[in-house]
Protein chains: 2
Amino acid sequence: MSQMDERIRSYVLFFKALSNSTRIAIIDLLRRGGDKTVSEIARELGFEQSRVSHALRCLTFCGFLTNRREGKNKIYSLNRETIEPLMEIADKHIEAYANHLRRCEVLRR
Amino acid sequence: MSQMDERIRSYVLFFKALSNSTRIAIIDLLRRGGDKTVSEIARELGFEQSRVSHALRCLTFCGFLTNRREGKNKIYSLNRETIEPLMEIADKHIEAYANHLRRCEVLRR
DNA sequence: TTATCATATGACGAATATGTCACAGATGGA
DNA sequence: TCCATCTGTGACATATTCGTCATATGATAA
């Protein structure tokens, strides 16, 4: 990764941010259910709070989420400008190729 | 990965296919330069042929590329229906957040 | 057939990413 | 202040992914 064309490097980071189940589950949850606090996300997804915090940190840093504090809570929101059209394309592609994606050996089990 | 909601699993696979430098470099190359054979791709990117073949296999299987044989060669083409709008969104996001992406510690070096 | 070029595949070590644990920091109420 | 609640962070073992090597397969021509 160190010695890689800058454009390619950016693409890799962009897609890598979205290619983890914790992170994409959070995006999917917020896309469907709107803004949520950390503990709401953790509870609704059944994930440990620290796992969620790590994921939120990455997604926020990379520009996919924003947050605002409200008392003891922190509320996370989607950057819908990127996420909405992106997920629509993903949905459409998956509709056509889900079986193939699932059976791809390179992207293991 | 095994015990994961099917929708989330599909998203992960979709984005994982694009989150590797070999695979996204190939997509970027074909996007800019049009259809190419395996050895052209290998030469132009400076990658080993087997490395390219592994990547092509994954991308083709997952519906991002198609191929046709022409004599001894195999020519790979983009599925532009998915790739073009997807990369436009990525480009736009990267234009705004490239610095953040680069400095994200979670997505290491 | 054999030779040669082009591409594909399997296996494995090395590199990388992930989740968990333990703990730290922040906030607000009593 | 102290306490309870909510969120963030660092480190590490585990799990996953990648690229390379060796080799196999496919295609063409002589």
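Since the model is a prediction, treat every value here as computed from it, not as a measurement. Side chains are part of it too, since the values below use all heavy atoms of this structure and drop only hydrogens, waters and symmetry mates. A note on names: the letters A, B, ... follow the listed sequences, proteins ahead of strands, and every chain is numbered from 1.
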>> What's the closest nucleotide to the side chain of B:Tyr76 if the choices are D:dT20, D:dG19, C:dA8?
In response: C:dA8
> Rounded to whole angstroms, how far apart are CZ on A:Phe61 and C1' on D:dG8?
Replying inline: 15 Å
> Within this structure, what is the CZ-to-C1' distance between A:Phe47 and C:dC21, rounded to whole angstrom?
Replying inline: 18 Å
>> Would you say CD of B:Glu81 has more than 12 non-hydrogen atoms from neighbouring residues, nucleotides or ligands within 6.0 angstrom?
In response: no
> Can you tell me how far the CG atom of B:Leu86 sits from the CZ atom of B:Arg31, to the nearest 0.5 Å?
Replying inline: 9.0 Å
> Does a nitrogen or oxygen in the side chain of A:Lys16 sit under 4.0 Å from OP1 or OP2 of C:dA17?
Replying inline: yes
> Taking a hydrophobic cluster as the set of Ile, Leu, Val, Met, Phe, Trp and Tyr residues connected by side-chain heavy atoms closer than 4.5 Å, whether directly or through intermediates, do A:Phe61 and A:Ile26 fall within one such cluster?
Replying inline: no
> Starting at the 5' end of DNA chain D, which residue's closest nucleotide do you reach first, B:Glu70 or A:Asn67?
Replying inline: A:Asn67
> Taking atom C1' of C:dA17 as reference, at what distance in whole Å does atom CG of A:Leu13 sit?
Replying inline: 13 Å
> Between C:dT7, D:dC6, D:dG8, which nucleotide gets closest to the side-chain atoms of A:Val38?
Replying inline: D:dG8
>> Any carboxylate oxygen within less than 4.0 angstrom of a Lys/Arg side-chain nitrogen, looking at A:Arg32 and A:Asp28?
In response: yes
> In whole angstrom, what separates B:Ile75's CD1 from C:dT7's C1'?
Replying inline: 13 Å
> Rounded to whole angstrom units, what separation is found between the CD atom of A:Glu105 and the P atom of D:dC18?
Replying inline: 14 Å
>> Starting the side chain at C-beta, find the nucleotide from D:dG19, D:dT17, D:dA27 nearest to B:Asn20.
In response: D:dG19
> What's the shortest heavy-atom distance between B:Ile8 and A:Ser21, and which atoms?
Replying inline: CG2-O, 4.0 Å
> What is the distance, rounded to the nearest whole Å, between atom CZ of B:Phe15 and atom P of D:dT16?
Replying inline: 21 Å
> For the pair made of CD in B:Glu48 and C1' in D:dA22, what is the distance, rounded to whole Å?
Replying inline: 11 Å
>> Using the rule that Ile, Leu, Val, Met, Phe, Trp and Tyr join whenever any side-chain heavy atoms are under 4.5 Å apart, tell me whether A:Ile27 and A:Leu29 fall into a single cluster.
In response: yes
>> Does a side-chain N or O of A:Ser39 approach OP1 or OP2 of D:dT5 to a distance below 4.0 Å, or not?
In response: no
> Nearest-Å distance, CZ (A:Arg68) to C1' (D:dC6)?
Replying inline: 16 Å
> Hey, does the side chain of B:Asn73 come within less than 4.0 Å of C:dT7's phosphate (OP1/OP2), counting only N and O?
Replying inline: yes
> Which sits closer to the 5' end of DNA chain C, A:Gly71 or A:Arg23, going by the nucleotide each is nearest to?
Replying inline: A:Arg23
>> I'd like to know if A:Arg68 pairs up with A:Asp35 as an ion pair, taking the criterion as any Lys NZ or Arg NE/NH1/NH2 lying under 4.0 Å from an Asp or Glu carboxylate oxygen.
In response: yes
> Where along residues 49-58 of chain B does a heavy atom fall under 4.0 Å from DNA chain D?
Replying inline: B:Ser50, B:Arg51, B:His54
>> Looking at B:Arg69, I'd like to know whether one of its side-chain N or O atoms comes within less than 4.0 Å of OP1 or OP2 on C:dA6.
In response: no
>> Test: ring-ring contact (aromatic ring centres under 6.0 Å, His included). Region: residues 68-93 of chain A. Which pairs qualify, not counting sequence neighbours?
In response: A:His93-A:Tyr97, A:His93-B:Phe14, A:His93-B:Phe64
>> Using the side-chain heavy atoms of B:Lys72, tell me which of these nucleotides is nearest: D:dG26, D:dC6, C:dG19.
In response: D:dG26
